[in-house]
Amino acid sequence: MSNDLFNADIFSSNIPTFIKSDLNISKLLENLIAENYNQISGDIICVEQFQGNEINSNNYKVTTSSGEYLIKKFIDIDEYSKLQRIVSLSNWLNENDIKLGKVYLSNKDELIIKSKVGNSYWCVFDFISGSFFAGISDRELVSVGSEIGIFFNKLKNIPIELEPIEKIDYFKNNEDLMDEIERNKKNWALYFGSDLSNTLIENWGFLQKTYSQLFKYKDTLLHSKLTPCHIDLHPHNLLIEEDELKAILDVDSIKLNHPLVAISFSMYKLLRQSIVNRNIKDNSNEISRISNIYFNALIKEFPLTQKEIENLYIYAATEIFRRIFIIFSLNIYENNNKWNHVLNMHLSGLKEAKIIFDSLNTNEK
C-alpha cells in the first residue's frame, strides 16, 4: 500500500484544545451572561477559545463557579432567520434525544443574543466534555455507527419550519471546471505551489478517470430525495467519553442533501481515523473487520438496499470531489488558495475510501 495513504492529517489529534481568551473577549462574555442569563450563576473563573477547524463561528468555553458552558459566536450572518433556524434546530434535536448540548434561553426567552459590540450573535449551550472520535476500540465504532444511524433517521422528521434552506449541489459546471483546470496546467505551480502541483500532475489521470465513473451515476444520485443531513461528520465533530458517543457537534453543517452521500462520506472519514490510530493501514484483514463492525452497527439503525451498499464508494467520492472542486474553483476564478492545504488530503481520500468500501462484506448483508 502506498505510503501516501492513511497518514496522520488535520483530524488526527483527539484532544480538544483551548487557549485562554484575551481580556476584551472575557469581559464581553462576562457582561453577556450577566445581562441576559440569570439562570447561569456564579463568578466567571475562565474564558477559553476553542482551537480547531472553525470556518464561520467561534466557540468559547466559559467556566464559572457553578458549571461550564459553551458560548458560540456567529459572525457575518446575512439572514437572521437562517441563524434562528440553526439554533432552533439544535434545540429540537436536543429535545428529541439527539446528543447535543442544551441550548439556554435568555431572560427574554431568546435563543440568540445580539451583541452590543460589533455585528455578532451569540448563544449559550451546556459544555460537553469529551475527546474527539479516535476509533481505537471496537466498542467506540459500534456506538458511533449506531448513533449516526439514529441521528439520520431523526433528521428525516425535522419540522418543515426548521428544515435547512441551503441545498448541496453536485455535478453543476464541474466538467467545465475540470476542463478549465486542465487548460491552466502550465500555471498549476502558481496556483498550488510546486509540491502540490507535482502531486496534481501525478494524479490527474486518476482524477479524470474517477470523476468520469462518478458522472455515469449522476442520474441515480440526483433522483434520490433531498433530506436534512449533517454533511460534515468528521472525527472532530463527535465527542466521545468511555468509548460512547457523548455529543454531535456543528449543527451549522445540517443542509439539504442526499443522505447516502453524507453517511458514506462520514463513514470514510471515521474509519480512516480508526485505521490511522490503530496503525493497521497494511493489514487488509483488520481494515475489513473494523469497517464491517462500524457498517453493521450503522445499517441496523439505518437500513440500506443491496444496490445502495454497492454504491457507497460512489456516494463518498462524490462528496470528496465536491470539496476538491471548491478548491479548484477558488484558485481558478478567485485566485484564492486558502484551502490548498487540504487538497492533498482529499486526493488521498479518493483512494483511501475505495480501500475502505471494497473491504465491506456486502454480499452477506
Side-chain angles (χ1 to χ4, degrees), residues 1-13 51-56 168-218 221 231-232 234-236 253 261 264-273 275-277 279 281-282 313-358:
M1 187 176 294
S2 170
N3 289 328
D4 294 332
L5 303 183
F6 296 111
N7 293 319
D9 63 12
I10 60 174
F11 297 111
S12 294
S13 169
Q51 297 295 288
N53 303 303
E54 295 297 301
I55 300 174
N56 298 317
I168 302 300
D169 195 2
Y170 296 102
F171 300 108
K172 184 179 180 181
N173 301 323
N174 287 348
E175 287 187 299
D176 293 339
L177 182 54
M178 287 283 279
D179 292 341
E180 187 68 18
I181 287 286
E182 187 158 30
R183 281 194 294 270
N184 280 271
K185 201 168 188 177
K186 63 181 182 299
N187 296 319
W188 282 1
L190 296 176
Y191 289 122
F192 304 107
S194 59
D195 289 345
L196 195 50
S197 173
N198 289 335
T199 301
L200 269 178
I201 291 170
E202 293 170 6
N203 286 275
W204 190 245
F206 164 74
L207 278 176
Q208 288 179 310
K209 180 180 178 181
T210 305
Y211 186 70
S212 177
Q213 291 172 337
L214 299 188
F215 201 79
K216 294 177 182 177
Y217 287 84
K218 179 179 70 170
L221 171 67
I231 67 168
D232 206 21
H234 56 64
H236 284 189
S253 289
V261 174
S264 300
F265 179 74
S266 175
M267 183 174 174
Y268 149 64
K269 293 297 290 186
L270 299 180
L271 286 172
R272 181 196 189 281
Q273 183 86 331
I275 291 166
V276 171
N277 286 336
N279 194 25
K281 68 178 184 178
D282 294 317
Y313 172 70
I314 298 296
Y315 291 118
T318 298
E319 175 60 25
I320 296 172
F321 260 105
R322 184 181 73 86
R323 294 166 187 245
I324 291 172
F325 283 132
I326 289 172
I327 297 170
F328 284 170
S329 180
L330 285 171
N331 278 277
I332 292 296
Y333 300 129
E334 300 181 28
N335 198 28
N336 183 337
N337 64 4
K338 72 174 183 177
W339 290 109
N340 284 4
H341 65 286
V342 296
L343 178 56
N344 198 45
M345 179 181 72
H346 292 317
L347 295 176
S348 296
L350 290 171
K351 300 173 183 179
E352 293 168 346
K354 189 74 166 64
I355 292 168
I356 288 170
F357 289 108
D358 281 353

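Each residue takes its place number in the sequence, starting with 1.
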Legend entry - Within 6.0 angstrom of Y217 OH, more than 12 heavy atoms from elsewhere: no
Inset, instruction - Can you establish whether the number of heavy atoms outside N279 located under 6.0 Å from its atom CG is more than 12? - result: no
If you take all heavy atoms of [X] and [Y], which pair is closest and at what distance?
X    : Y    : value
K354 : D358 : NZ-OD2, 2.7 Å
E352 : N7   : OE2-N, 4.4 Å
I314 : T318 : O-OG1, 2.7 Å
Y313 : F357 : CA-CD1, 3.8 Å
I231 : E319 : O-OE2, 4.5 Å
D232 : S253 : CB-OG, 3.9 Å

Does some side-chain heavy atom of [Y] sit less than 4.5 Å from a side-chain heavy atom of [X]?
X    : Y    : value
T199 : W204 : no
N184 : E180 : yes
W339 : H341 : yes
K281 : L5   : no
I355 : I275 : no
L350 : L207 : yes
F265 : Y315 : no

Inset, instruction - Just say parallel, tilted or perpendicular for the rings of F192 and F328, cut-offs at 30° and 60°. - result: perpendicular
Inset, instruction - Measure from NZ or CZ of K351 to the centre of the six-membered ring of F206 and say whether it is under 6.0 Å with the direction within 45° of the ring axis. - result: yes
Legend entry - F325: partners by ring-ring contact (aromatic ring centres under 6.0 Å, His included), with sequence neighbours left out: Y211, F321
[X] [atom1] to [Y] [atom2] distance, which is reported to the nearest 0.5 Å:
X    : Y    : atom1 : atom2 : value
M267 : I356 : CE    : CD1   : 7.5 Å
L343 : L330 : CG    : CG    : 11.5 Å
S12  : N277 : OG    : CG    : 6.5 Å
L177 : E182 : CG    : CD    : 12.0 Å
D9   : H346 : CG    : NE2   : 10.0 Å

Can you tell me if [X] uses its side chain to pair, donor with acceptor, with the backbone of [Y] under 3.5 Å?
X    : Y    : result
Y191 : S197 : no
W188 : I181 : yes
S348 : N344 : yes
H236 : F11  : yes

Inset, instruction - Given side chain to side chain contact (heavy atoms under 4.5 Å, CB included), test R323 with I327 step by step and report yes or no. - result: CA-CA 7 Å; R323 294 166 187 245; I327 297 170; 5.7 Å; no
Inset, instruction - Assess the side chains of N340 and N331: does a donor N or O sit below 3.5 Å from an acceptor N or O? - result: yes
Legend entry - Intermediate values then yes/no, side chain to side chain contact (heavy atoms under 4.5 Å, CB included), L214 and Y170: CA-CA 11 Å; L214 299 188; Y170 296 102; over 6 Å; no
Inset, instruction - State whether D169 and R322 are salt-bridged, where the test is any N-O pair (Lys NZ or Arg NE/NH1/NH2 against Asp/Glu carboxylate O) under 4.0 Å. - result: no
